There are 2 protein chains.
Amino acid sequence: MELPKYITNNIKLSPQKEAELYSYFEKLKFKKGEFLYEQGSVCRSIFFIKEGLARAFYYSDSGKEITGWFALENEFITAFDSFYYKTVTNINCELLEDTILYALSTADLELLLEKDHDFAKIAFNILSQITMNIVEFMGTLKFQTAKERYLFLTEKHPQIPQRVTLQHIASYLGITRETLSRLRAEL
Amino acid sequence: MELPKYITNNIKLSPQKEAELYSYFEKLKFKKGEFLYEQGSVCRSIFFIKEGLARAFYYSDSGKEITGWFALENEFITAFDSFYYKTVTNINCELLEDTILYALSTADLELLLEKDHDFAKIAFNILSQITMNIVEFMGTLKFQTAKERYLFLTEKHPQIPQRVTLQHIASYLGITRETLSRLRAEL
DNA sequence: GTTGTCGTGTGACCTATATCAAAAAATGAA
DNA sequence: TTCATTTTTTGATATAGGTCACACGACAAC
């Protein structure tokens, strides 16, 4: 495997250390429709997507699926509070395509943090990216019209409307599929 | 100063190191209404609130204030993407009460990360808390009725409705003050 | 082929919430 | 205290978007 440069930036690892770092990541393959973690369980890994696409969502009180964010190639995804505190999550993470990813378990992250100063810095960078992805998707969601939010998404993440069904996009935007359908008809 | 135990958990620092750690934090006092950072500038610090209350918000295209999240005592707040990448932010952070806080600059955080393994672990814990605060406030905002969202907020963060004006709560919930006022009249 | 499933589109109707406007209440300064 | 400013409430009306119901097209399985 290879972590993107934004993670190892400024941190020079000897070949042995690099090999050791990568040995903590487990390569996994999933089929479209499978889950990385589900509500009611503890999310025990951080996932780095090599190929494919994941969606994090939860159910509202009224039972509707609400998509919180997506993660694409070269991005990390996890239920961070669950991962960190080892508590039960209420988030589900579904793969929307056949996906290849690298998983880093809580235990191994803790090892990385403890074992070596450079590894701890890398752990910090990984968490930075997770935070960034969440902040990114959170932005500009409230208080605009549905059309504005849709246009913002297509502009900022053009890949997503191409690879994700309209239902999931609608649930991310906080509107119904019907409204999204009508809204697209107007464009 | 003293950082909360959730930050220094499991990390034993000698008194000298602890003193060194705290020397990186600068104690600052702000008056109600002042800003920690503003859109169009780079956010150059992580702020740890000792006493007081801050609100992070941005302006929608139509010029409305949209509150993203709040930070109370013993919590951290920053515009993380701006802080980390040293880019211009579009977020404003306003103090809603007279506030005493400790600021850690980007440069000093980088120093902490580099200088010492234990300090790097502490930096990781700080970032964990920032992430947690954001994730926390993001949850359960889409696709519920305004009343459900308000009740969720009052239950999860009862301090906030007590200390924050209705306008700011409304802008956090993504509704107008009028709607929030009517909704409260019904309860 | 036929059938089933899944994603999307369209129509009719309804309700939650926005908007505009203006009156009360609360807060703070002189 | 009094006056000015800010915040909250209330009312009347308009609208974005929800709900329900059903039709259409694309695939996959048989």
Side-chain angles (χ1 to χ4, degrees), chain A residues 31-35 53-55 57 59-67 70 92 94-98 140-154 159-187, chain B residues 30-35 52-53 55 57 59-67 70 92 94-99 140-154 159-187:
Chain A
K31 287 275 165 207
K32 177 176 175 177
E34 293 188 292
F35 283 77
L53 170 51
R55 169 177 85 103
F57 70 96
Y59 290 96
S60 75
D61 296 346
S62 45
K64 261 173 240 143
E65 280 190 11
I66 298 176
T67 299
F70 300 97
N92 305 277
E94 177 195 15
L95 296 162
L96 301 181
E97 298 177 355
D98 291 355
T140 320
L141 268 177
K142 288 180 261 191
F143 242 138
Q144 320 242 14
T145 64
K147 192 188 274 185
E148 285 168 334
R149 278 176 278 152
Y150 177 71
L151 290 172
F152 184 80
L153 177 69
T154 54
Q159 291 224 31
I160 289 177
Q162 284 160 27
R163 293 167 65 183
V164 172
T165 63
L166 288 192
Q167 335 197 22
H168 292 148
I169 293 173
S171 100
Y172 167 66
L173 295 173
I175 57 177
T176 59
R177 339 179 207 99
E178 294 94 325
T179 300
L180 181 54
S181 177
R182 280 186 254 266
L183 178 166
R184 278 160 47 100
E186 286 174 23
L187 294 178
Chain B
F30 288 87
K31 287 273 165 208
K32 177 175 175 176
E34 293 188 292
F35 283 77
L53 169 51
R55 169 177 85 103
F57 70 97
Y59 290 96
S60 74
D61 296 346
S62 45
K64 261 173 243 144
E65 280 190 12
I66 298 176
T67 299
F70 301 97
N92 304 277
E94 178 196 14
L95 296 161
L96 301 182
E97 300 176 354
D98 291 355
T99 297
T140 320
L141 269 178
K142 289 180 259 193
F143 243 140
Q144 320 240 17
T145 65
K147 191 188 274 186
E148 285 168 333
R149 278 175 280 152
Y150 177 71
L151 289 173
F152 184 80
L153 176 70
T154 54
Q159 289 224 33
I160 290 176
Q162 285 162 25
R163 294 168 62 183
V164 173
T165 63
L166 286 193
Q167 341 196 21
H168 293 147
I169 292 172
S171 100
Y172 166 67
L173 295 173
I175 57 178
T176 59
R177 349 183 197 91
E178 293 95 324
T179 299
L180 180 55
S181 176
R182 278 186 256 265
L183 179 166
R184 275 158 47 101
E186 287 175 22
L187 293 177

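Letters go in sequence order (proteins before strands), and every chain restarts at 1. Atoms considered below: every heavy atom in the structure, side chains included; atoms not considered: hydrogens, waters and symmetry mates. Values in this document were obtained by computation on a predicted structure and should not be read as measured data.
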Starting at the 5' end of DNA chain D and moving along, which residue's nearest nucleotide shows up first, A:L183 or B:S181?
-> B:S181
Which listed nucleotide (C:dT8, D:dT10, C:dA18) is nearest to the side chain of B:A185?
-> D:dT10
Which is it for B:Y59 and B:E65 under the side-chain contact (heavy atoms from CB on, under 4.5 Å) test, yes or no, and what are the steps along the way?
-> CA-CA 5 Å; B:Y59 290 96; B:E65 280 190 12; 3.2 Å; yes
Minimum heavy-atom distance B:L53-B:E97, with the two atoms named = CD2-OE2, 3.6 Å
More 5' along DNA chain D: B:E178 or A:A146, using each one's nearest nucleotide?
-> B:E178
Establish, with yes or no, whether the OP1 or OP2 oxygen of D:dA16 is under 4.0 angstrom from a side-chain nitrogen or oxygen of A:T145.
-> no
B:L180 CG - C:dT19 C1' separation (whole Å) | 16 Å
Can you check whether B:T179 has a side-chain N or O nearer than 4.0 Å to OP1 or OP2 of C:dA18?
-> yes
Tell me whether the guanidinium CZ or amine NZ of A:R149 lies under 6.0 angstrom from the six-membered ring centre of A:F152 and within 45° of its axis.
-> no
OP1 or OP2 of C:dC6 under 4.0 Å from side-chain N/O of A:K32 = no
Separation of C:dG9 atom C1' from A:Q167 atom CD, nearest Å, is 13 Å
Take the protein atom CD1 of A:I175 and the nucleotide atom P of C:dG9, then report the distance between them rounded to whole Å.
-> 12 Å
Rounded to whole Å, CD of B:E94 lies from P of D:dT6 at a distance of 13 Å
Gap between atoms CZ and P, on B:R182 and D:dT10 respectively (whole Å) = 9 Å
Whole angstrom value for the distance that separates P of D:dT15 from CD of A:E148 = 17 Å
Among B:H168, B:E34, B:K32, find the residue that satisfies the side-chain contact (heavy atoms from CB on, under 4.5 Å) test when tested with B:E94.
-> B:H168
Would you mind telling me which of C:dG9, C:dT19, D:dT10 lies closest to the side-chain atoms of A:R184?
-> C:dG9
Is it the case that more than 12 heavy atoms not belonging to A:R177 sit under 6.0 Å from its CZ atom?
-> no
Using whole Å, report how far CG of B:L166 lies from C1' of C:dA26.
-> 12 Å
Using whole Å, report how far NZ of A:K147 lies from P of D:dG18.
-> 15 Å
